[in-house]
Amino acid sequence: MRTIKLRSAKRILVTGGAGFIGSHLCTRLLELGNEVLCVDNYFTGQRSNVAVLLENSRFELLRHDVTFPLYVEVDEIYNLACPASPIYYQLDPVQTTKTSVHGAINMLGLAKRVRAKILQASTSEVYGNPTVHPQTEAYSGNVNPIGPRACYDEGKRCAETLFFDYHRQHQLPIKVARIFNTYGPRMQPSDGRVVSNFVVQALQGEPITIYGDGQQTRSFCFVDDLIEALVRFMETSNDMTGPINIGNPSEVTMLVLARKILELTNSKSELIFLPLPEDDPQQRLPDISLARAVLGWEPRVGLDDGLSRTVAYFRDLIGPT
């Protein structure tokens, strides 16, 4: 009989762990046999996202804001703390920047003290409104530093700077993942992201709001695929710092997305067109060649399948209309 070598359990900190992506990550890390400390201030995260995990003796939940220092003993840190949808990060733009910058400083300081490996959940927003398509990790971006989205875009760019400076100055093992549009169960119905907007509007029979002419494009990665990539990235050797793009390389227009969701929900909602928000990018598409080469990863869940699962989640959440 073949002997299976069990990997030793690690104690892992996940900041923003009660959020949409963070809660899925906590679940996956527990499935791998680790101990997980989930930290969240519940600004956009929800305790209900991780409530079922509280039954697991290897899971711990702590209410804490990463703009304040945290003193714990851990082996690895996934830094996901920051509101990621424009509706939420523009509510308090100064606090958004603090969360990205002060939060990074505090988590990097913790990682330095305990010599933990640390992964930064960065974003495709560091590319701004790109003039290069698709976007590779070498592209330095086209960001408006004084626009309404800058609190998030520039905050995340500064966090990347801090991560690489800690790596160069203190030899800290870091990972920087640039996450593109992600969707799936546990998205908040009111978070203003295009998938949740369209699905909720369709299920409630409300008009589908499309900004601009609907020809702007995005790519959408199902959350399970994203989590697999993050876990694989953390397991790479210390010389693989990134940044690495993580997203779906298939492009879709907002108009096509809206029609797919209308079909999946059997909705009679009409389409209405509103002015495009300031600095909203026209195109966003990752080049994932590096993720394929280094992580052996690419998305497996197709858009129709992922949207079907997401619609089912929101249908259960919203109930009959």
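Computed from a predicted structure; not experimentally measured. We count residues from 1, following the sequence as given.
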Legend entry - Heavy-atom side-chain proximity of I118 to F163 below 4.5 angstrom: yes
Inset, instruction - Calculate, to the nearest 0.5 Å, the distance between atoms OG1 and CD belonging to T97 and E154 respectively. - result: 9.0 Å
Inset, instruction - Before accepting this row, confirm whether a basic side-chain N of the pair R157/E160 lies closer than 4.0 Å to the acidic partner's carboxylate O. - result: no
Legend entry - Side chain proximity check, P249 to P299, heavy atoms < 4.5 angstrom: yes
Legend entry - Approximate separation, where rounding is to 0.5 Å, of R149 CZ and N144 CG: 10.5 Å
Inset, instruction - Rounded to the nearest 0.5 Å, what's the gap from CZ on F20 to CG on L25? Could you check? - result: 12.0 Å
Legend entry - Shortest non-hydrogen contact from S23 toward V50: CB-CG1, 3.8 Å
Legend entry - Heavy-atom side-chain proximity of P86 to Y152 below 4.5 angstrom: no
Inset, instruction - Check Y127 against E137 and note the closest heavy-atom contact, atom names and distance. - result: OH-CA, 3.4 Å
Inset, instruction - Show your reasoning for whether side-chain contact (heavy atoms from CB on, under 4.5 Å) applies to C38 and F59. - result: CA-CA 8 Å; C38 170; F59 181 76; 3.5 Å; yes
Inset, instruction - Would you confirm whether R58, through its side chain, and N34, through its main-chain N or O, come within 3.5 Å as a donor-acceptor pair? - result: yes
Legend entry - R115 CZ: over 12 foreign heavy atoms closer than 6.0 Å: yes
Inset, instruction - Would you check if there is a donor-acceptor pair between the side chains of T96 and Y88 at a distance under 3.5 Å? - result: no
Legend entry - For the student: nearest non-hydrogen atoms of P173 and A116, plus distance: CG-O, 3.9 Å
Inset, instruction - I would like to know whether I21 and I227 meet side-chain contact (heavy atoms from CB on, under 4.5 Å); could you show each step before the answer? - result: CA-CA 8 Å; I21 293 174; I227 298 305; 3.9 Å; yes
Legend entry - Hydrophobic cluster membership, V52 vs V39, 4.5 Å side-chain cutoff: no
Inset, instruction - Would you check if F43 and T99 make a side-chain contact, meaning some heavy-atom pair closer than 4.5 Å? - result: no
Legend entry - Residue pair N245 / P286: nearest heavy atoms and the distance that separates them: CB-CB, 4.2 Å
Inset, instruction - Say whether, by atom type as modelled, one donor and one acceptor occur between the side chain of N248 and the main chain of S219 under 3.5 angstrom. - result: no
Inset, instruction - Apply the test side-chain contact (heavy atoms from CB on, under 4.5 Å) to residues L61 and R47: give CA-CA distance (whole Å), side-chain angles for both, the deciding distance (0.1 Å), then the verdict. - result: CA-CA 9 Å; L61 179 60; R47 194 176 189 276; 3.9 Å; yes
Inset, instruction - Provide the full list of ring-ring contact (aromatic ring centres under 6.0 Å, His included) pairs with a residue in residues 206-264, sequence neighbours left out, each pair given once. - result: Y183-F222
Inset, instruction - Treating Ile, Leu, Val, Met, Phe, Trp and Tyr as nodes and any side-chain heavy-atom pair under 4.5 angstrom as an edge, say whether L80 and L37 lie in one connected cluster. - result: no
Legend entry - Residues, nucleotides or ligands: over 12 heavy atoms within 6.0 Å of Q215 CD: yes
Legend entry - Contact check, side chains of F198 and K260, non-hydrogen atoms, under 4.5 Å: no
Legend entry - D40 (side chain) donor-acceptor with Q46 (main chain) under 3.5 angstrom: no
Inset, instruction - Say whether F164 and M234 are linked into one hydrophobic cluster, either directly or through other cluster members, by side-chain heavy-atom distances under 4.5 angstrom. - result: no
Inset, instruction - Following the transitive rule for hydrophobic clusters with a side-chain heavy-atom cut-off under 4.5 Å over Ile, Leu, Val, Met, Phe, Trp and Tyr, establish whether I244 and Y139 coincide in one cluster. - result: no
Inset, instruction - Could you tell me which non-hydrogen atom of P134 sits nearest to which non-hydrogen atom of D287, and how far apart they are? - result: CB-N, 4.1 Å
Legend entry - H167 to N238 - nearest heavy-atom pair and separation: CE1-O, 4.5 Å
Inset, instruction - State, with a plain yes or no, whether a side-chain heavy atom of C82 is found less than 4.5 Å away from one of K156. - result: yes
For residues 100-114, tabulate all N or O donor-acceptor pairs below 3.5 Å that involve a side-chain atom, not counting sequence neighbours.
from: N106; atom 1: ND2; to: V66; atom 2: O; distance (Å): 2.8
from: N106; atom 1: ND2; to: T67; atom 2: O; distance (Å): 3.1
from: N106; atom 1: ND2; to: H102; atom 2: O; distance (Å): 3.3
from: R113; atom 1: NH1; to: E73; atom 2: OE2; distance (Å): 3.1
from: R113; atom 1: NH2; to: V72; atom 2: O; distance (Å): 3.0
from: R113; atom 1: NH2; to: E73; atom 2: OE2; distance (Å): 3.4

Inset, instruction - Give a yes or no answer on whether the side chain of D225 reaches the backbone of V301 with a donor-acceptor pair at less than 3.5 Å. - result: yes
Legend entry - Carboxylate-amine/guanidinium contact K175 E76, below 4.0 Å: no
Inset, instruction - Give me the one residue out of H133, R284, R218 that meets side chain to side chain donor-acceptor pair (under 3.5 Å) with E251. - result: H133
Inset, instruction - Ignoring hydrogens and angles, tell me if any N or O in the side chain of W297 forms a donor-acceptor pair with the backbone of L230 under 3.5 Å. - result: no
Inset, instruction - Verify the distance criterion only: is there a donor paired with an acceptor across the side chains of D191 and S196 at less than 3.5 Å? - result: yes
Legend entry - Main-chain N/O of T209 paired to Q201 side chain as donor or acceptor, under 3.5 Å: yes
Inset, instruction - Take L53 and C26 through the test side-chain contact (heavy atoms from CB on, under 4.5 Å) and record every step on the way to the result. - result: CA-CA 8 Å; L53 303 181; C26 288; 3.8 Å; yes
Legend entry - Whether Y166 and H170 hold their rings parallel, tilted or perpendicular, with breakpoints at 30° and 60°: tilted
Inset, instruction - Starting at CG of L307, measure out to CG of L257 and round the result to the nearest 0.5 Å. - result: 6.0 Å
Inset, instruction - To the nearest 0.5 Å, tell me how far Y313 OH sits from M187 CE. - result: 10.0 Å
Inset, instruction - Taking the side chain as every heavy atom from C-beta outward, state whether L62 and L70 have any atom pair closer than 4.5 Å. - result: yes
Inset, instruction - Examine V143 and V132 and state if one hydrophobic cluster contains both, with Ile, Leu, Val, Met, Phe, Trp and Tyr joined whenever side-chain heavy atoms are less than 4.5 Å apart. - result: no
Legend entry - Check: L285 main-chain N/O paired with Q135 side-chain donor or acceptor under 3.5 Å: yes
Inset, instruction - Could you tell me whether a side-chain N or O of R232 sits under 3.5 Å from a main-chain N or O of G296, the two making a donor and an acceptor? - result: yes
Inset, instruction - Would you check if the side chain of T15 reaches a backbone N or O of A81 as a donor-acceptor pair within less than 3.5 Å? - result: yes
Legend entry - Approximate separation, where rounding is to 0.5 Å, of I210 CD1 and L276 CG: 12.0 Å
Inset, instruction - Answer yes when D305 and R309 have at least one side-chain N-carboxylate O distance shorter than 4.0 Å, and no when they do not. - result: yes
Inset, instruction - Report yes or no: does Y89 contribute a side-chain atom to a donor-acceptor pair with the main-chain N or O of D153 at less than 3.5 Å? - result: no
Inset, instruction - Decide yes or no for L317 and P189: does some side-chain heavy atom of the first lie under 4.5 Å from some side-chain heavy atom of the second? - result: yes
